[in-house]
Amino acid sequence: QVQLVEFGGGLVQTGTSLTLSCAASGSTFSRSIMGWFRQAPGQEREFVAAISWRLNSTYYADSVKGRFTISRDNAKNTVYLQMNSLRPEDTAVYYCAASPGGNNTGRTMAIIKIYRYWGQGTQVTVSS
């Protein structure tokens, strides 16, 4: 069983930065694909970014590429999402997700069904 807890959401202005953290329990973190998803009101949950456990390869949604950076610290069982140049359309609840033992790479890390465990979400609101 893996428990995920997100931190770092809040209300920020357009153009500013915010870093989300996700702390994971359990011993499988270092061998898990970790992903960030988001869900705006009335919309489906969408992929944002993911990082593999093999070679720490990353993959991003086109909407955040060049602005967001995902990273992980296996010693701290934590994955991060650094968000720069935030826009009002980035407003959503952001969720951390884990896929223990997953071997996906590239765009296949964006498939929501590979993620078995989810955090409770943290709200990010970007004002214009």
Let me confirm one number: the OG-CD distance from Ser128 to Glu89, rounded to the nearest 0.5 Å.
10.0 Å
Do Leu20 and Met83 have side-chain heavy atoms sitting under 4.5 Å apart?
yes
Closest non-hydrogen atom pair, Val79 against Phe29
N-CZ, 4.0 Å
Sidechain N-carboxylate O distance under 4.0 Å for Arg87, Asp90
no
Rounded to the nearest 0.5 Å, how far apart are CD of Gln123 and CZ of Arg38?
12.0 Å
Quick one, Ser17 and Gln82 - any side-chain contact, counting heavy atoms below 4.5 Å?
yes
To the nearest 0.5 Å, atom OH of Tyr117 lies from atom OG of Ser32 at 9.0 Å
Geometric cation-pi criterion Arg67 and Tyr60, 6.0 Å radius, 45° cone
no
Group every Ile, Leu, Val, Met, Phe, Trp and Tyr by side-chain heavy-atom contacts under 4.5 Å, then state whether Trp53 and Leu81 land in the same group.
no
Arg45 NZ/CZ over Tyr95 ring centroid, <6.0 Å and within 45° of normal:
yes
Rounded to the nearest 0.5 angstrom, the SG-OH distance for Cys96 and Tyr80 is 11.5 Å
Do Thr91 side-chain atoms and Val126 backbone N/O form a donor-acceptor pair below 3.5 Å?
yes
Among side-chain atoms of Gln13 and Ser127, is any donor-acceptor pair under 3.5 angstrom?
no
Chi angles and distances behind the ring pair (Phe, Tyr, Trp, His ring centres under 6.0 Å) call for Phe47, Phe37
CA-CA 4 Å; Phe47 170 79; Phe37 290 75; 5.6 Å; yes
Let me confirm one number: the CD-CD distance from Glu44 to Glu46, rounded to the nearest 0.5 Å.
10.0 Å
Evaluate the criterion side chain to side chain contact (heavy atoms under 4.5 Å, CB included) for residue pair Arg107 and Tyr59; output intermediate values, then yes/no.
CA-CA 6 Å; Arg107 66 175 59 196; Tyr59 184 73; 3.3 Å; yes
Nearest heavy-atom pair of Val2 and Pro100: which atoms, and what distance?
CG2-CG, 4.4 Å
Quick one: closest heavy-atom pair of Ser25 and Asn77, and the distance?
C-ND2, 4.4 Å
Test log, rule side chain to side chain contact (heavy atoms under 4.5 Å, CB included), inputs Val93 and Thr122
CA-CA 5 Å; Val93 177; Thr122 186; 6.0 Å; no
How about Ser21 and Thr78: does a side-chain donor come under 3.5 Å of a side-chain acceptor?
no
Answer yes if Ile111 and Ile33 sit in the same cluster of Ile, Leu, Val, Met, Phe, Trp and Tyr residues linked by side chain heavy atoms under 4.5 Å apart, and no otherwise.
yes
Could you check if a side-chain atom of Gln39 sits within less than 4.5 angstrom of a side-chain atom of Tyr94, using non-hydrogen atoms only?
no
Answer with yes or no whether the hydrophobic clustering places Ile70 together with Tyr115; edges join I, L, V, M, F, W, Y residues whose side-chain heavy atoms lie under 4.5 Å apart.
no
Please examine the side chains of Thr105 and Arg54, heavy atoms only from C-beta on, and report whether any two atoms are closer than 4.5 Å.
no
Please check if the side chain of Thr125 supplies one atom and the backbone of Leu11 the other of a donor-acceptor pair under 3.5 Å.
no
When you measure from the side chain of Thr108 to the backbone of Asn104, do you find a donor-acceptor pair of N or O atoms at a distance under 3.5 Å?
no
Using side-chain heavy atoms (C-beta onward) and a distance below 4.5 Å, is Ser52 in contact with Met109?
yes
Please report the interatomic distance CG(Leu4) to CD(Gln120), rounded to the nearest 0.5 Å.
9.0 Å
Is there a path from Val124 to Phe68 through hydrophobic residues (I, L, V, M, F, W, Y) whose side chains come within less than 4.5 Å of each other?
yes
Distance-minimising heavy-atom pair for Arg72 and Ile51
NH1-O, 3.5 Å
Steps toward side chain to side chain contact (heavy atoms under 4.5 Å, CB included) verdict (Arg31, Thr28):
CA-CA 5 Å; Arg31 294 176 66 87; Thr28 61; 5.7 Å; no
